Protein chains: 2
Amino acid sequence: MERELLLLGLLRRQEMHGYELHDFIERYMQTCVNLKKPTAYYLLSKMAKAGYVTETEEQSGNRPPRRIYHITTAGEAQFQTLLRENLAAYHPAQFGGLVGLVFLDEIAGAEARPLLQQRRTTLATTLATIRSVPPHPGSMQFVIAHQIMHLENELNWLDNIIKNLKTPPGPND
Amino acid sequence: MERELLLLGLLRRQEMHGYELHDFIERYMQTCVNLKKPTAYYLLSKMAKAGYVTETEEQSGNRPPRRIYHITTAGEAQFQTLLRENLAAYHPAQFGGLVGLVFLDEIAGAEARPLLQQRRTTLATTLATIRSVPPHPGSMQFVIAHQIMHLENELNWLDNIIKNLKTPPGPND
DNA sequence: TTTTCCATGTAACTCGTTACATGATTTC
DNA sequence: GAAATCATGTAACGAGTTACATGGAAAA
């Protein structure tokens, strides 16, 4: 339902076609949401069938026609419902990659260190990317701030684990 | 691969049957992993076919026989591989429930407040549950500490958002 | 002229869940 | 005697992804 909410929320502000919608999300919201193209197209046609949006074709030259989506009254009502549902519920974040740490004991510190450092690098890169995102309007800013905070915490936590590895760092670390 | 790693890691320490394995995970690891029964059974028989574990039936009375799983040499190798893969990769956490906050502007503060407070309550309950978990051995403790830290941050962040809602709290808040 | 962008979609697949089905045994 | 626990599984479904397929238009 989350992605429906997202699409409806964007269509409320402005009618758009599928490619445009997906492109917008990729460009400006990739730090907090992700929605692949086929999913976007699928959801849009589904919502069209459900009557939440209308589908208008617009030809330009010989290329595939744009399908422009416009939110309906029913869609607006659905948006309001989904928004309230979403705000009221807490969906715990799904962490991947914790299981390895459960078994960190089973591997020598000297071997674990470079692996965790590799993980650290990816994490730090992600954080740097989000930090460099230009400011966004409205409460979107809260969400970006949330992501930054989250990643900073992850980084600190990971650094702490690396620091506490039993084997001391080698001369290259 | 995460759940395979988990099962192999547990079977390394001690041979177990499916029900036992699932039960153990539910009891002692529910704060950081979740694995439903059918998934556990499915994964175990898959890994048996793959040769990572052996399956031994053990009858007791008239009840369904226990299928006891024992890790093989190939399984041990697979565990080592999966563990290294898992430690080296950073899997960004999947946040559900952020989309609503993107559209927080679209709803009056007076209406948003009780919804977010409901969310807050669930979150706080989750946090309290994890805090009350008895201490775990080994690096499992790191993971629990991670969950606690994460939830504390979430709570702070949410409180901050609630505090900054434009409409002031009513007499009941 | 080759690459990138625009614009759409289908089909197959992955991973995991829920719901359903069965029945013995232990505990209250 | 009823309820919870032990012990296994299958079938259907859900949500989303990847890979594949197509082809015009703009930019390099």
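Here the structure is a predicted model, which is why all the values come from computation and not from measurement. So you know, we letter chains A, B, ... as the sequences are listed, proteins then strands, and number each from 1.
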- Side-chain contact check for B:Pro38: nearest option of C:dA7, D:dT10, D:dT18 is D:dT10

- Task: Evaluate the ring planes of B:His136 and B:Tyr28, with Trp represented by its six-membered ring, and classify them as parallel (under 30°), tilted (30 to 60°) or perpendicular (over 60°).
- Result: perpendicular

- Message: Rounded to whole Å, how long is the line connecting atom CG of A:Leu35 with atom P of D:dT17?
- Response: 7 Å

- Choosing from C:dA7, D:dT8, D:dT17, which nucleotide comes nearest the side chain of B:Pro64? D:dT8

- Sub-3.5 Å donor-acceptor pair from the side chain of B:His70 to the main-chain atoms of B:Ile68, do we have one? no

- Query: Does OP1 or OP2 of D:dG16 have a side-chain N or O of A:Arg3 closer than 4.0 Å?
  - Reply: yes

- Query: Reckon B:Thr39 has a side-chain N or O less than 4.0 Å from the OP1 or OP2 of C:dT17?
  - Reply: yes

- Task: Starting at atom CG of A:Asp23, determine the distance to atom P of C:dC6, rounded to an integer number of angstrom.
- Result: 6 Å

- Query: In whole angstrom, what separates B:Gln59's CD from D:dA7's P?
  - Reply: 12 Å

- Message: Tell me whether A:Thr31 contacts the main-chain N or O of A:Ile130 through its side chain, where contact means a donor paired with an acceptor under 3.5 Å.
- Response: no

- Query: Could you state the CD-C1' distance from B:Glu2 to C:dT14, rounded to the nearest angstrom?
  - Reply: 15 Å

- Query: What do you reckon, are the aromatic ring centroids of A:Phe95 and B:His150 less than 6.0 Å apart?
  - Reply: yes

- Note on the structure: Ranking C:dT18, C:dT10, D:dC6 by distance to the side chain of B:Arg66, first place goes to D:dC6

- Message: So, OP1 or OP2 of C:dT8: does either fall under 4.0 Å of a side-chain N or O from A:Tyr19?
- Response: no

- Give the nucleotide from the list D:dT18, C:dT18, C:dT25 with an atom nearest to the side chain of B:Arg63. C:dT25

- Message: So for atom OH, which belongs to B:Tyr41, do other residues, nucleotides or ligands contribute more than 12 heavy atoms lying within a distance under 6.0 Å?
- Response: yes

- Message: Between C1' on C:dT8 and OH on A:Tyr42, what's the gap in Å once rounded to a whole number?
- Response: 17 Å

- Note on the structure: note: A:Lys37, atom NZ; D:dA19, atom P; distance rounded to Å ~ 14 Å

- Quickly work out the B:His17 NE2 to D:dA7 C1' distance and round it to whole Å. 7 Å

- Closest listed nucleotide, where the reference is the side chain of A:Lys36 and the choices are C:dT17, D:dT17, D:dA7: D:dT17

- Query: Looking across every strand, which nucleic acid part, if any, lies under 4.0 Å from A:Pro65 by heavy atom: base, sugar-phosphate, or nothing?
  - Reply: sugar-phosphate

- Message: Rounding to an integer number of Å, can you tell me how far B:Glu58 CD sits from D:dT8 C1'?
- Response: 15 Å

